[in-house]
Amino acid sequence: MAEQYRLSITTRGRGSTEITGEIATLVASAAVDVGIAHIFVRHTSCSLAITENADPTVRRDLETLLQRWAPDGDPAYRHDLEGDDDMAAHARSLLTGVSLSVPFADGRLLLGTWQGIYLFEHRTQSHRREIVLTLLG
């Protein structure tokens with residue numbers, strides 16, 4: 001059995017947005033009792049991650065690491081059609097990934113105590129992002 005949903009999230013620009021609640025609400029209302037929630041973002045300059053949900057400094061530190069690994073405006077980049085953050089955003093998305101799989105049972109995501117699901121925006125400007133949630137059970 002499968003169910004599929006689409007969520008639209010507007011980001012505030014570079015940084016993380018927790019989406020655990022939105023995903024959990026859809027899982028809770030699903031007809032599927034046990035299975036895998038596959039979460040996919042339909043863009044190449046943002047990504048998804050499961051990380052610490054208790055201390056926001058973790059996400060700030062992750063952003064610091066991403067800036068080191070893929071800095072904006074590197075003169076070696078050729079792709080800069082949309083600005084200095086363009087290629088860096090694509091690289092960060094490649095490093096972090098565009099999909100996640102999370103088991104669920106009895107209407108609940110089976111995340112760990114301190115885990116949350118986050119959309120990481122890698123562009124400096126706000127964007128509307130579409131996420132596809134597929135529940136397989």
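- Following chains of ILVMFWY side-chain contacts shorter than 4.5 Å, one can reach V32 starting from F40, so the two form part of one hydrophobic cluster.
- Summarising the geometry of V41 relative to L119, their closest heavy-atom pair is CG2-CD1, 4.1 Å, with the distance given to 0.1 Å.
- Using a distance-only test at 3.5 Å, with no hydrogens or angles considered, no donor-acceptor pair links the side chain of E130 to the main chain of R6.
- Residues V132 and R42 have side chains in contact (heavy-atom distance under 4.5 Å, counting atoms from C-beta outward).
- A distance-only check finds no donor-acceptor pair linking the side chain of S93 to the backbone of A89 [under 3.5 Å].
- Each of V98 and L66 belongs to its own hydrophobic cluster when Ile, Leu, Val, Met, Phe, Trp and Tyr are linked at side-chain heavy-atom distances under 4.5 angstrom.
- At least one donor-acceptor pair closer than 3.5 Å links the side chain of R59 to the backbone N or O of E52.
- Here CZ of R60 is found 9.5 Å from OG of S16. Values are rounded to the nearest 0.5 Å.
- Taken to the nearest 0.5 Å, the CG atom of L7 stands 7.0 Å off from the CD1 atom of I19.
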May I have the step-by-step check of side-chain hydrogen bond (donor to acceptor under 3.5 Å, both in side chains) for T124 and R14, ending in yes or no?
-> CA-CA 5 Å; T124 57; R14 185 167 287 160; 5.7 Å; no
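- Looking at every heavy atom in both residues, S126 comes nearest to T10 through OG-CG2, 3.7 Å.
- In this structure, the side chains of H122 and S47 come closer than 4.5 Å at one or more pairs of heavy atoms.
- Looking at every heavy atom in both residues, W114 comes nearest to A54 through CE3-CB, 3.5 Å.
- Under a hydrophobic clustering in which Ile, Leu, Val, Met, Phe, Trp and Tyr are joined whenever their side-chain heavy atoms come within less than 4.5 Å, directly or via other members, V27 and I131 fall into the same cluster.
- Every residue two or more places apart in sequence or in another chain that forms a ring pair (Phe, Tyr, Trp, His ring centres under 6.0 Å) with H90 is listed here: H79.
- Between A49 and F120, the closest heavy-atom pair is CB-CE1, 3.8 Å.
- Side-chain contact between S8 and R128: present, with at least one pair of heavy atoms (C-beta onward) separated by less than 4.5 Å.
- Environment of CD in Q125: sparse, with no more than 12 heavy atoms of neighbouring residues, nucleotides or ligands closer than 6.0 Å.
- Closest heavy-atom contact between T20 and I117: OG1-N, 2.6 Å.
- Checking T11 against R129 by side-chain atom types alone, no donor-acceptor pair falls below 3.5 Å.
- In this structure, CD1 on I9 lies 7.5 Å from OG1 on T17, to the nearest 0.5 angstrom.
- Remark: Q67 CD to D85 CG distance equals 11.0 Å, nearest 0.5 Å.
- Between Y118 and N53, the closest side-chain pair of non-hydrogen atoms falls below 4.5 Å.
- A continuous path of ILVMFWY side-chain contacts below 4.5 Å connects L26 to L48, so both sit in one hydrophobic cluster.
- The distance from the CG atom of L65 to the CZ atom of R92 is 10.5 Å, given to the nearest 0.5 Å.
- Side-chain contact between H38 and V102: absent, with no pair of heavy atoms (C-beta onward) separated by less than 4.5 Å.
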Derivation and outcome, side chain to side chain contact (heavy atoms under 4.5 Å, CB included), residues E3 and L136 = CA-CA 7 Å; E3 294 182 34; L136 301 169; over 6 Å; no
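- Residues L135 and M1 share a single hydrophobic cluster, defined by chaining ILVMFWY side chains whose heavy atoms lie under 4.5 Å apart.
- When all heavy atoms of L95 and W69 are compared, the pair lying nearest together is CD1-CB, 4.0 Å.
- With rounding to the nearest 0.5 angstrom, the CZ atom of R123 is 9.0 Å from the CG atom of D72.
- Atom CG of D106 has 12 or fewer neighbouring heavy atoms from other residues, nucleotides or ligands inside a 6.0 Å radius.
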